[in-house]
Amino acid sequence: ELDPQALHDLAPRLVVIPGSRKGDLPGLAPHLCAASAEGLDLLEEARRLNDLAVGRESDPFAFVPGDFRFRSRAALKIQDGCDNRCSYCRVCLARGKAVSLDPSEIINRARIIVVSGIPEIVLTGVNLSQYSSGGLRFPGLLQLLCKETDSVAFRISSYEPDKIDEAFLAAFANPRVRPHLHLPVQSGSDTILGAMGRSYRRNHVIAAVAGARAAKGDPFIGVDIISGFPGETDDDFSATIDLLKQIDPAWIHAFVFSPRPGTKAFSMKPRIPERVAVARSQTLAVLAEAGKQRFAARRIGTVLEAVAEGPVPANDNFPASKMLTAVSADFLRLAVRGVPPGAGTSFRCLVTGPSFDSINDLISDYSCDTL
Ligand code: SF4
């Protein structure tokens, strides 16, 4: 988005369409089909269409995701851009100020997804906690969606820890909202959070997780952590580990800090040696795996709601004809034995035991329950 030329330079036959114009993609395909039928050069034609679009105002919500869905869920973009300026972030520079889709249009799009039979909608945006339209904030929108649609479940893609307030938790507690919360925590050190320009501190994270558990029992809680941010000392990293032990997330997405041109953090000092940042990231990966296993183990012997995805690729453990993958309401990837429901079907299954299969990323082995 910010440096298309760098991508261009990677290969001579690339046409770079920025994320802000991905709404053009569905229209591009029929144009290229027609161009192919006329014997035109497809690369030249794609470039010509792309050049025509440069500078044109784009609608960040033009991309209607119904045709580009996962088998088990559809993504519905309701928000774009961000008014924060975290010191490491290029997304806010690329996407600009926060904008929100009108609630009536969101309801229309959600109803179209419901009619297509998809059982789950993932609400997405650059920063969902900045959703705002005519005085309606994200918690109110979520309540409205539950009221104005039937049966479909909603999953929240990510939410800022300090915005998890009573209104959010009341909406999150709705049984139609999946027990899954992703928090972009980034660090457990208040010093580093300050340097990152984050708007919360570790006590907000602890309160957010406690609130989510009070609202939903034992939801899947995932967190993002950046290791090796400029100035991160051993004590800062220990504070992150300490926070993770306190909140016990079901998953940690660990990233090594990467300086992005144009951001404040690009020139921040002292830089952390790569081997130190990578070693910290590896420590986080070990914690992530242990947290995932603890979370999955707490499900053994329980009945879960899940949505079927498709057959498991054949391997020594799982004959393809008898297994399929599914995603549980609480975001576990499942290997399902028994009567296989069709892809995109909701069903209930009994957790029979863990099956940590790193090849297929299957973290639990469930057998179908016919209830
Ligand atoms: S809140 Fe997220 S999108 Fe916004 S500036 Fe910070 S990191 Fe970037």
Side-chain angles (χ1 to χ4, degrees), residues 1-3 18-22 58 60-61 63 75-101 122-133 137-139 141-142 155-165 167-168 172 180-209 212 221-232 236 240 243-244 249 251-268 272 277 281 284:
E1 188 96 44
L2 290 175
D3 193 2
S20 57
R21 287 215 338 269
K22 64 186 173 188
S58 60
F61 303 110
F63 182 73
L76 177 48
K77 180 176 171 181
I78 62 166
Q79 189 275 343
D80 197 34
C82 181
D83 293 337
N84 295 353
R85 287 293 176 267
C86 299
S87 62
Y88 55 85
C89 179
R90 291 237 297 180
V91 175
C92 55
L93 304 178
R95 300 293 181 86
K97 292 270 176 205
V99 287
S100 302
L101 186 60
V122 186
L123 299 171
T124 70
V126 168
N127 188 338
L128 288 184
S129 54
Q130 289 184 356
Y131 179 87
S132 178
S133 179
R137 306 303 301 249
F138 181 79
L141 175 73
L142 192 52
R155 197 181 290 278
I156 302 164
S157 57
S158 180
Y159 215 75
E160 293 289 303
D162 55 331
K163 303 300 182 297
I164 295 188
D165 56 13
F168 175 90
F172 185 58
H180 174 196
L181 195 57
H182 183 85
L183 302 172
V185 169
Q186 315 304 14
S187 174
S189 156
D190 283 351
T191 308
I192 295 298
L193 288 171
M196 288 175 165
R198 303 292 283 161
S199 59
Y200 56 84
R201 297 295 179 261
R202 58 183 284 138
N203 62 321
H204 290 111
V205 176
I206 293 166
V209 170
I221 292 176
V223 298
D224 291 334
I225 299 288
I226 297 172
S227 68
F229 190 80
E232 185 188 61
D236 291 320
T240 298
L243 176 68
L244 292 169
W251 185 243
I252 302 164
H253 290 274
F255 302 91
V256 174
F257 171 73
S258 160
R260 307 281 179 184
T263 64
K264 268 194 201 166
F266 185 73
S267 52
M268 280 184 178
I272 304 304
S281 179
L284 293 170

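Side chains are part of it too, since the values below use all heavy atoms of this structure and drop only hydrogens, waters and symmetry mates. Just so it is clear, the model here is predicted, and its values are computed rather than measured. In listed order, ligands and their atoms are each counted from 1. All residue numbers in this chain count up from 1 along the given sequence.
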Protein contact of atom 3 (S) of ligand 1 - nearest heavy atom, named by residue and atom, plus distance: V126 CG1, 3.6 Å
Atoms in ligand 1 flagged as close to N127, the criterion being non-hydrogen separation under 4.0 Å: 1 (S)
Distance flag, aromatic centroids of F138 and Y159, threshold under 6.0 Å: yes
C92: numbered ligand 1 atoms lying under 4.0 Å from its heavy atoms: 5 (S)
Side chain to side chain, I226 and M196, heavy atoms closer than 4.5 Å: yes
Any Q130 heavy atom less than 4.0 Å from ligand 1: no
Aromatic plane relationship, F255 with H253 - under 30° parallel, 30 to 60° tilted, over 60° perpendicular: parallel
Side-chain (Y200) to main-chain (V185) donor-acceptor, under 3.5 angstrom: yes
Heteroatom test (N, O or S) for C82 near atom 6 (Fe) of ligand 1, limit 2.8 Å: no
Nearest-neighbour protein heavy atom for atom 8 (Fe) of ligand 1, which is reported as residue plus atom name and distance: C89 SG, 2.3 Å
Which of the ligand 1 atoms, numbered from 1, are nearer than 4.0 Å to a heavy atom of R198: 1 (S), 6 (Fe), 7 (S)
Pairwise side-chain contact, D224 with H182, heavy-atom cut-off 4.5 Å (strictly under): yes
L128 vs S157 side-chain heavy atoms within contact, under 4.5 Å: yes
Closest protein heavy atom (residue, atom, distance) for atom 6 (Fe) of ligand 1: C86 SG, 2.3 Å
